[in-house]
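Let me begin by presenting the structure, written as structure tokens, before commenting on it.
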Amino acid sequence: MQLSFELYSDKIQSESDMKKLEEQEMECVIEYVLGEWIRKYFRMKLIANTTKIPSITSSYSDMPFHSNGFHSSTESTALKTLTAEEWLHFFHERLIKLPEMHQEIIEKKYLKRRYDGKYTPDDLVYQEMHLGRTVYYQKKKEALYWLGLALLSRMKKIE
């Protein structure tokens with residue numbers, strides 16, 4: 001009887017350790033999504049939607065060009081815009097694979113800003129979605145985690 005209890009207590013310990021590791025993993029993925037994707041979203045959207053008029057003024061310089069070749073401001077702007085558009089497309093491609101409720105939470109909380117430029121407060125989001133506070137925070141955490149996994153899994157395939 002003593003032996004079986006010790007084995008059972010080891011199993012409980014390892015299950016609690018696994019739960020802690022899963023929570024830590026979830027927090028790391030959520031930090032990744034918020035730091036590397038959500039934080040950059042509006043900047044990328046601005047770059048993708050910005051049309052910069054190229055300069056047509058000639059310039060003369062007695063300095064030699066860089067050895068990597070000539071890049072006009074028009075080319076640089078076009079490349080930045082294309083990169084930002086691809087970034088946004090990739091992000092939204094991953095987002096639409098999530099369940100509708102998760103998409104809605106991310107869109108209302110992080111992808112739309114108020115008139116003052118701040119994110120919509122959580123209490124307004126969960127009231128608008130007719131969710132209870134506890135359920136909302138659980139679903140928000142799930143949504144960020146699943147989005148992070150979707151973004152990470154795709155990034156690993158690209159590398």
Side-chain angles (χ1 to χ4, degrees), residues 8-56 68-69 71-159:
Y8 183 71
S9 68
D10 287 344
K11 187 175 179 181
I12 291 173
Q13 182 65 35
S14 64
E15 285 178 14
S16 67
D17 288 345
M18 286 297 291
K19 199 167 191 106
K20 286 179 188 175
L21 287 174
E22 288 172 0
E23 282 294 319
Q24 288 174 348
E25 176 196 6
M26 184 178 264
E27 291 303 318
C28 286
V29 171
I30 289 171
E31 276 183 41
Y32 166 74
V33 169
L34 291 173
E36 296 297 319
W37 291 90
I38 300 295
R39 185 176 53 83
K40 294 177 183 177
Y41 182 80
F42 287 100
R43 182 175 41 157
M44 291 301 201
K45 195 171 179 179
L46 181 66
I47 291 169
N49 294 328
T50 301
T51 307
K52 185 175 179 185
I53 299 172
S55 172
I56 55 172
N68 64 354
H71 290 288
S72 71
S73 63
T74 306
E75 283 178 318
S76 296
T77 302
L79 288 173
K80 284 180 185 176
T81 302
L82 183 61
T83 303
E85 287 172 355
E86 289 172 349
W87 188 95
L88 286 168
H89 177 73
F90 176 76
F91 178 84
H92 283 282
E93 193 177 70
R94 301 292 101 186
L95 180 63
I96 62 172
K97 294 192 184 277
L98 299 181
E100 278 187 47
M101 181 181 288
H102 292 133
Q103 289 177 43
E104 190 176 351
I105 289 170
I106 290 172
E107 287 170 356
K108 288 179 186 239
K109 173 65 183 167
Y110 298 107
L111 305 186
K112 294 179 183 171
R113 290 201 177 167
R114 299 183 322 179
Y115 63 91
D116 59 0
K118 295 181 181 178
Y119 293 122
T120 306
D122 287 310
D123 57 339
L124 293 179
V125 176
Y126 69 72
Q127 287 174 6
E128 185 178 324
M129 293 181 66
H130 306 291
L131 294 173
R133 185 175 197 270
T134 304
V135 171
Y136 168 77
Y137 281 106
Q138 288 170 344
K139 296 296 181 186
K140 178 179 146 184
K141 190 173 185 178
E142 282 177 12
L144 291 169
Y145 178 66
W146 289 1
L147 179 60
L149 291 179
L151 293 166
L152 281 169
S153 67
R154 181 72 175 135
M155 292 304 289
K156 288 179 183 176
K157 289 178 186 176
I158 291 173
E159 293 171 356

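Everything quoted here is computed from the prediction, not taken from an experiment.
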Heavy-atom pair with the smallest gap, counting every atom of [X] and [Y]:
| X | Y | answer |
| --- | --- | --- |
| P99 | W146 | CG-CZ3, 3.6 Å |
| A84 | A48 | CB-N, 3.8 Å |
| I30 | Y145 | CG1-N, 3.9 Å |

With a 4.0 Å cut-off on N to O distance, would you call [X] and [Y] a salt bridge?
| X | Y | result |
| --- | --- | --- |
| E107 | K112 | no |
| E25 | K20 | no |
| K40 | E36 | yes |
| K19 | E22 | no |

Beyond-backbone contact of [X] with [Y], side-chain heavy atoms, under 4.5 angstrom:
| X | Y | result |
| --- | --- | --- |
| Y41 | L88 | yes |
| H102 | L147 | no |
| Y136 | D123 | no |
| K141 | E27 | yes |
| I106 | V33 | no |

Do the ring planes of W37 and F90 sit parallel (below 30°), tilted (30 to 60°) or perpendicular (above 60°)? tilted
Which distance, rounded to the nearest 0.5 Å, do you find between the [atom1] of [X] and the [atom2] of [Y]?
| X | Y | atom1 | atom2 | value |
| --- | --- | --- | --- | --- |
| I47 | T83 | CD1 | OG1 | 9.0 Å |
| E142 | L98 | CD | CG | 10.5 Å |
| Y126 | K108 | OH | NZ | 15.0 Å |
| Q103 | I96 | CD | CD1 | 7.0 Å |
| M101 | K140 | CE | NZ | 15.0 Å |
| L149 | K97 | CG | NZ | 14.5 Å |

Going through the checks in order, is the side-chain contact (heavy atoms from CB on, under 4.5 Å) test met by I38 and Y32? CA-CA 9 Å; I38 300 295; Y32 166 74; over 6 Å; no
Within a reach of under 6.0 Å around NE2 of H92, are more than 12 heavy atoms found that belong to other residues, nucleotides or ligands? yes
Step-by-step ring-ring contact (aromatic ring centres under 6.0 Å, His included) determination, Y110 to Y119: CA-CA 6 Å; Y110 298 107; Y119 293 122; 5.7 Å; yes
Is the positively charged end of R113 above the ring of F42, judged by distance under 6.0 angstrom from the centroid and angle within 45° of the axis? yes
Run the side-chain contact (heavy atoms from CB on, under 4.5 Å) check on L46 and R43 step by step: do they pass? CA-CA 5 Å; L46 181 66; R43 182 175 41 157; 5.7 Å; no
Keeping K109 on the side-chain end and T120 on the backbone end, is there a donor-acceptor pair under 3.5 Å? yes
